[in-house]
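Have a look at the structure below, then the notes.
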Amino acid sequence: MTSMAKQALYGKTLLELQAIVDAHGLPPFTARQLAQWLYKSEVWSIDEMTNISKDNRSLLKASFDVGRCSPVKVQTSVDGTRKYLFSAGGDKYVETATIPDQDRLTVCVSTQVGCKMGCLFCMTGKQGFGGQLSAGEIVNQIRSIDNAAGVTNIVYMGMGEPLDNLNEVLRSIDILTAEWGYAMSPRRITVSTIGVLPAMKTFLDACECGLAISMHTPFEKERQQLMPAQMAWPLSRVLKEVRGFDFGRQRKLSFEYIVFAGLNDTPAHVKELARILNGIRSHINLIRFHAIPNSPLQTTDEGRLQQFKDAL
């Protein structure tokens, strides 16, 4: 998103901005000025930072630029969902989506170019892994879309496994929630994961955002067929971790469950879900499967989906 010779200021935390200011011999208060321009005023160039002297702006411009970028393509669906394509350098791109729902507007952001996890039902996984996104590239997806001011909720559920890029995800959350950043409530942010351990524990301890766990079946062997990462991080270990964590009354925990015809939509799945989630205060988010090319998986019909929901 920026030239190779220059670093992006956008995506730096206040501590990182302070380190830059100190290294360049600028007045200490310049760090807060930079944060104000980057995250409150949302400037696109250092020249717009008018309360920083012209000499100091020139000094910064020698090594840095703001580093924001607009989407290269936008598509709008009949239901109001909008998809934005952002350049991730070279011939790589990531997708962001906004989903309207009455008085809510949720933005779904990507954290990686492609994904390493190889889930059977995921188109991104078929692309392979193309690199990590920086905190600035993650936050830019949220703040550089045309309806950014209307965003009420953020979900880290786009391309990639967020907890496989933990440090940049946590830095982006810091920018989104800190008073010097966008001052957004962490209760309005949810991070999705297949259950990467011990990164999930670090995430839970480091912030107050919601957690969504991709489950898709309560049976471990069946889950391994859908999600190869089950071998590294078995569902039983993931559930043990969340059982041992105090989510309080406000922090949200949910389990994502894509419903596949004849695979995970049976009474046996309902019974096992009830058993393994007994005592865990959470939601199960049933998701319709959108078929992808060359996949044996099929979408369950609407009647069976409703029966499954009612049984749960």
Side-chain angles (χ1 to χ4, degrees), residues 69-88 93-115 119-127 133 137-162 176 182 184-185 187-193 209-216 226 252 254-261 263-265 282-295 297-310 312:
C69 74
S70 299
V72 297
K73 186 177 181 181
V74 183
Q75 290 181 312
T76 304
S77 301
V78 291
D79 63 359
T81 299
R82 306 194 79 178
K83 290 185 178 181
Y84 302 83
L85 197 67
F86 286 91
S87 171
Y93 297 89
V94 294
E95 193 172 79
T96 307
T98 55
I99 306 141
D101 182 17
Q102 297 180 4
D103 59 345
R104 290 160 56 105
L105 182 64
T106 300
V107 59
C108 178
V109 299
S110 297
T111 55
Q112 297 178 315
V113 182
C115 186
C119 297
L120 188 62
F121 48 82
C122 180
M123 196 68 188
T124 301
K126 294 182 181 300
Q127 299 175 19
L133 296 183
E137 289 171 318
I138 294 169
V139 178
N140 181 77
Q141 293 173 64
I142 302 162
R143 299 305 306 178
S144 293
I145 56 176
D146 48 17
N147 49 3
V151 169
T152 60
N153 297 78
I154 299 168
V155 291
Y156 285 65
M157 296 181 185
M159 296 172 67
E161 162 56 57
L176 290 167
Y182 290 104
M184 187 174 187
S185 169
R187 311 293 187 202
R188 293 184 174 273
I189 301 173
T190 299
V191 174
S192 171
T193 180
C209 298
L211 178 69
I213 296 171
S214 293
M215 178 189 282
H216 311 305
L226 292 171
K252 293 179 181 178
S254 59
F255 293 91
E256 297 163 339
Y257 197 97
I258 301 175
V259 187
F260 304 109
L263 177 66
N264 64 351
D265 59 354
S282 59
H283 290 87
I284 300 176
N285 182 21
L286 299 182
I287 304 168
R288 293 174 180 85
F289 177 58
H290 297 288
I292 61 176
N294 303 315
S295 170
L297 301 170
Q298 299 294 322
T299 307
T300 196
D301 67 72
E302 200 65 24
R304 191 170 180 88
L305 180 62
Q306 188 63 47
Q307 289 174 359
F308 191 79
K309 172 178 177 263
D310 292 343
L312 278 173

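The model shown is predicted, which means the values in this text are computed figures rather than measured ones. Computed over heavy atoms, backbone and side chain alike; hydrogens, waters and symmetry mates excluded.
- Asn147 contributes no side-chain N or O that, together with a main-chain N or O of Gly150, makes up a donor-acceptor pair within less than 3.5 Å.
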Step by step, work out the side-chain contact (heavy atoms from CB on, under 4.5 Å) result for Leu286 and Phe308. CA-CA 9 Å; Leu286 299 182; Phe308 191 79; 3.9 Å; yes
Please walk me through it: do Asn153 and Val107 pass side-chain contact (heavy atoms from CB on, under 4.5 Å)? CA-CA 6 Å; Asn153 297 78; Val107 59; over 6 Å; no
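- Between Val259 and Asp265 the shortest heavy-atom distance is CG1-CB, 3.6 Å.
- Contact check for Pro293 versus Met123: side-chain heavy atoms found under the 4.5 Å cut-off.
- The main-chain N or O of Asp79 is never found under 3.5 Å from a side-chain atom of Ser77 such that the two would form a donor-acceptor pair.
- Atom CZ of residue Arg304 and atom OG1 of residue Thr299 lie 13.5 Å apart, to the nearest 0.5 angstrom.
- Side chain of Asn140 to backbone of Cys69: a donor-acceptor contact under 3.5 angstrom is found.
- Rounded to the nearest 0.5 Å, atoms CZ (Arg188) and OG1 (Thr106) are 9.5 Å apart.
- Formation of a donor-acceptor pair under 3.5 Å by the Thr81 side chain with backbone atoms of Ile99 is not found in this model.
- Taking NE2 of His216 as the reference point, atom CG of Leu120 lies at 11.0 Å (rounded to 0.5 Å).
- The two residues Ala88 and Val113 have their closest heavy-atom pair at CB-CG2, 3.8 Å.
- With hydrogens and angles ignored, the 3.5 Å screen pairs no side-chain donor or acceptor of His283 with any backbone N or O of Ser254.
- Classification of the Phe260-Phe121 ring pair by plane angle, with boundaries at 30° and 60°, yields tilted.
- Annotation: side chain of Ser192 is not in contact with side chain of Tyr156 (no heavy-atom distance under 4.5 Å).
- Smallest separation of non-hydrogen atoms from Gly160 and Thr111: C-OG1, 3.9 Å.
- Residue Glu95 comes nearest to Ser110 through the heavy atom pair O-OG, 2.6 Å, listed as atom of the first residue, atom of the second, then distance.
- At least one donor-acceptor pair closer than 3.5 Å links the side chain of Gln112 to the backbone N or O of Glu161.
- What you find for Phe255 and Met215 is that their closest heavy atoms are CD2-CE, 3.6 Å.
- Looking at every heavy atom in both residues, Tyr257 comes nearest to Asn264 through OH-O, 2.6 Å.
- With hydrogens and angles disregarded, no donor-acceptor distance shorter than 3.5 Å links the side chain of Tyr84 to the backbone of Val94.
- Two residues are said to be in side-chain contact when any heavy atoms from C-beta on lie closer than 4.5 Å; Arg143 and Tyr182 meet this criterion.
- Between the side chain of Ser185 and the backbone N or O of Arg187 there is at least one donor-acceptor pair closer than 3.5 Å.
- With a 4.5 Å cut-off on side-chain heavy atoms, Lys83 and Thr76 do not count as touching.
- For the residue pair Arg82 / Thr98, no side-chain donor-acceptor distance below 3.5 Å is found, with atom types taken as modelled.
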List the steps, then state whether side-chain contact (heavy atoms from CB on, under 4.5 Å) holds for Ser70 with Phe86. CA-CA 7 Å; Ser70 299; Phe86 286 91; 5.8 Å; no
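- Distance alone, capped at 3.5 Å, places no donor-acceptor pair between the Asn285 side chain and the Glu256 backbone.
- When side chains are defined from C-beta on, Arg288 counts as touching Glu302, because their heavy atoms get closer than 4.5 Å.
- For Lys126, the NZ atom is densely surrounded, since the number of other residues' heavy atoms within 6.0 Å is greater than 12.
- Side-chain contact between Ile154 and Met184 is present, with at least one heavy-atom pair separated by less than 4.5 Å.
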Would you please test Ile145 and Val74 for side-chain contact (heavy atoms from CB on, under 4.5 Å) and show each step? CA-CA 9 Å; Ile145 56 176; Val74 183; over 6 Å; no
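- For the pair Leu226/Leu297, a side-chain contact is recorded, criterion being any heavy-atom separation below 4.5 Å from C-beta on.
- Using modelled atom types, one side-chain atom of Thr152 and one backbone atom of Leu105 make a donor-acceptor pair closer than 3.5 Å.
- Other residues, nucleotides and ligands contribute only 12 or fewer heavy atoms inside 6.0 Å of the CZ atom of Arg104.
- Counting heavy atoms from C-beta on, the side chains of Val155 and Cys108 come closer than 4.5 Å.
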